[in-house]
Visitor: 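Before anything else, here's the structure in question.
Values in this document were obtained by computation on a predicted structure and should not be read as measured data.
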Amino acid sequence: MAKRVAVIGAGVSGLSSIKCCLDENLEPTCFERSNDIGGLWKFAESSKDGMTRVYRSLVTNVCKEMSCYSDFPFQDDYPNYMHQGKFWDYLQEFAEHFDLLKYIRFKTTVCSVTKRPDFSETGQWDVVTETEGMQDRAVFDAVMVCTGHFLSPHLPLESFPGIQKFKGQILHSQEYKIPEGFRDKRVLVLGLGNTGGDVAVELSRTAAQVLLSTRTGAWIISRSSDGGYPFNMMTVRRCHNFIAQVMPSGFLTWIQERKMNKIFNHKNYGLSIPKGKNTKFIVNDELPTCILCGMVTIKPSVVEFTETSAVFEDGTVEENIDAVIFTTGYKFSFPFFEEPLKSLCMKKIFLFKQVFPSNLERATLAIIGLISLKGSILAGTELQARWATRVFKGLCTIPPSQKLMADATKREELIKRGVIEDTSGDKLNFILYLDELAAYIGVKPNIPLLFLKDPRLAWEVFFGPCTPYQYRLMGPGKWDGARNAILTQWDRTLKPLKTRIIPDPSKPASMSYYLKVWGVPFLLASLLLICKSSLFLKFMQDKLQDRISPRLVCIWRG
């Protein structure tokens, strides 16, 4: 059974991994190469240390109730979508509340993680670290890698002919922090993801012109939904997920696209996705308005650069470009691993449930946070960490490595032959993935049982937002405050909005009020009348038949 666990990285995933180790009475040691917690959420004025960090204006895309640690809700006065600094405050509060900081060794880089000679029997690892020029070696029973997706920028210069001739400024969004340096310049932003949309909108307030180039387009989602409620809380629900599983996907996509085009026609704005391309969503409240006002111009792919201009796929040319910002994503890597483990971990298809490498005889290595979800990454990484620590402890089991490798190899072969599609890079269904991990741990909510024992709670769990607290209602790691957290989640959602008391003058009762008061009695009365009418009609029919039948007999005999 594992005892000492090395945690690499003290970001969102690393903090939850430390806590999950403590919950299972394991001994974590976390190695963080910077001087503070939070990973990319810790803002810095520059990226000279090579670490990816948020830009100053970043606001979260997932609301607070859907993206919190499952036993540590945000304070009720925190905004639903928060500035990066506020979110980092929450991470600090979490670390202090559970006393996690004492387990972290800051300014420490992990140099190598290698299997010990007796790994097949012990599952142990040699971990070499460096702190301020001094190296240290230690033996650990298990390792949790929490370095995430955003390790190094992906800058595909080779895909853009003529970029070497371009005389303007070229940078990756990793280097972007504030818009002031681009005042009165013509800026080309390459890539329409969440970052590309944010950067384009922010630059549009200071730059002379912003051009936003996209190959595929995107569906634009607002943070607020019908009634102004947080989008995630209105859409990520078990009842909706159930309907999505039983209804034809094409029909649901048609409904979704129709609804989104009612807000604004994506084709008119140059944002629609061509048929055959994967559906892509980004969260941005201001981009449509910026396009409408001419502050941002949507352009197709760039086919070539000159010294001062960009030539686009449709043949148009934009002259006098001052700067090009690549928002082309990031690459993840595991420089501390040896081959073949390093290459294998780079292929998500060889990670069992996106967590455990398939080729290890002992399941003592977990990759935490290397997932793409249609929802909160934080919630997903926490469940990954809860599952991994229980596997380390021997309380949960996974299939043997021979079976995992055989299944992954077979799937890879089918993908190469074109028999099946490679979906390993697609975003996973939030509820289905979390429920799958929760089932392994034994913490998946039992909805039928909840309806029998606690109908009010069951109603919120099934028909309300699928908040992380649901995975603390039962089983290992059960939290006594989970029920109350679920029943009060809308109170915490509305609290930061109600900063002005609006008097409620006396007014006639609304139609909805009358429907609520008189609806049930009216329904019962209607049913009673229908039943009585049916009986009366049957009675009259029988009487009429009794009168007519003798005459028909006489006529037949005559």
Visitor: Tell me if the CZ atom of F242 is crowded by more than 12 foreign heavy atoms within 6.0 Å.
Guide: no
Visitor: Would R4 count as a cation-pi partner of F140, with NZ or CZ less than 6.0 Å from the six-membered ring centre and within 45° of the ring normal?
Guide: yes
Visitor: Is the H266 ring parallel, tilted or perpendicular to the W219 ring (thresholds 30°, 60°)?
Guide: tilted
Visitor: Counting only heavy atoms not in D480 (residues, nucleotides, ligands), do more than 12 fall under 6.0 Å from its CG?
Guide: no
Visitor: Can E24 and R390 be counted as an ion pair, charged N to O under 4.0 angstrom?
Guide: yes
Visitor: What closest approach, in Å, do L22 and P28 show between heavy atoms, and which atom pair accounts for it?
Guide: CD2-CD, 3.7 Å
Visitor: Would the number of heavy atoms belonging to other residues, nucleotides or ligands and lying under 6.0 Å from OH of Y229 be above 12?
Guide: no
Visitor: Might you confirm whether atom NZ of K427 has over 12 heavy atoms from other residues, nucleotides or ligands at distances under 6.0 Å?
Guide: no
Visitor: Taking W125 as the fixed residue, which of T114, T364, V139 is the one that meets the side-chain contact (heavy atoms from CB on, under 4.5 Å) rule?
Guide: T364
Visitor: Hey, are E436 and K444 close enough for a salt bridge, meaning a charged N less than 4.0 Å from a carboxylate O?
Guide: no
Visitor: Where do P399 and L404 come nearest, in terms of heavy atoms and distance?
Guide: O-CD1, 3.6 Å
Visitor: Given the side-chain rings of F334 and F337, with only the six-membered ring counted for Trp, is the space between their centroids under 6.0 Å?
Guide: yes
Visitor: If we check side chain to side chain donor-acceptor pair (under 3.5 Å) with D407, which of these qualifies: K410, K403, R411?
Guide: K403
Visitor: Which word best sums up how the rings of W387 and F356 line up, parallel for under 30°, tilted for 30 to 60°, or perpendicular for over 60°?
Guide: perpendicular
Visitor: Can you list every pair that meets side chain to side chain donor-acceptor pair (under 3.5 Å) and has a residue in residues 79-96, with sequence neighbours left out?
Guide: Q75-E93, Y78-E93, Y81-N232, Q92-E96
Visitor: Is the charged tip of K19 near the ring of F98: under 6.0 Å from the six-membered ring centre and within 45° of its axis?
Guide: yes
Visitor: Show your reasoning for whether side-chain contact (heavy atoms from CB on, under 4.5 Å) applies to L15 and I37.
Guide: CA-CA 8 Å; L15 292 176; I37 64 168; 4.2 Å; yes
Visitor: Are the charged groups of K495 and D77 less than 4.0 angstrom apart, N to O?
Guide: no
Visitor: Considering residues, nucleotides and ligands other than K342, do more than 12 of their heavy atoms fall under 6.0 Å from its NZ?
Guide: yes
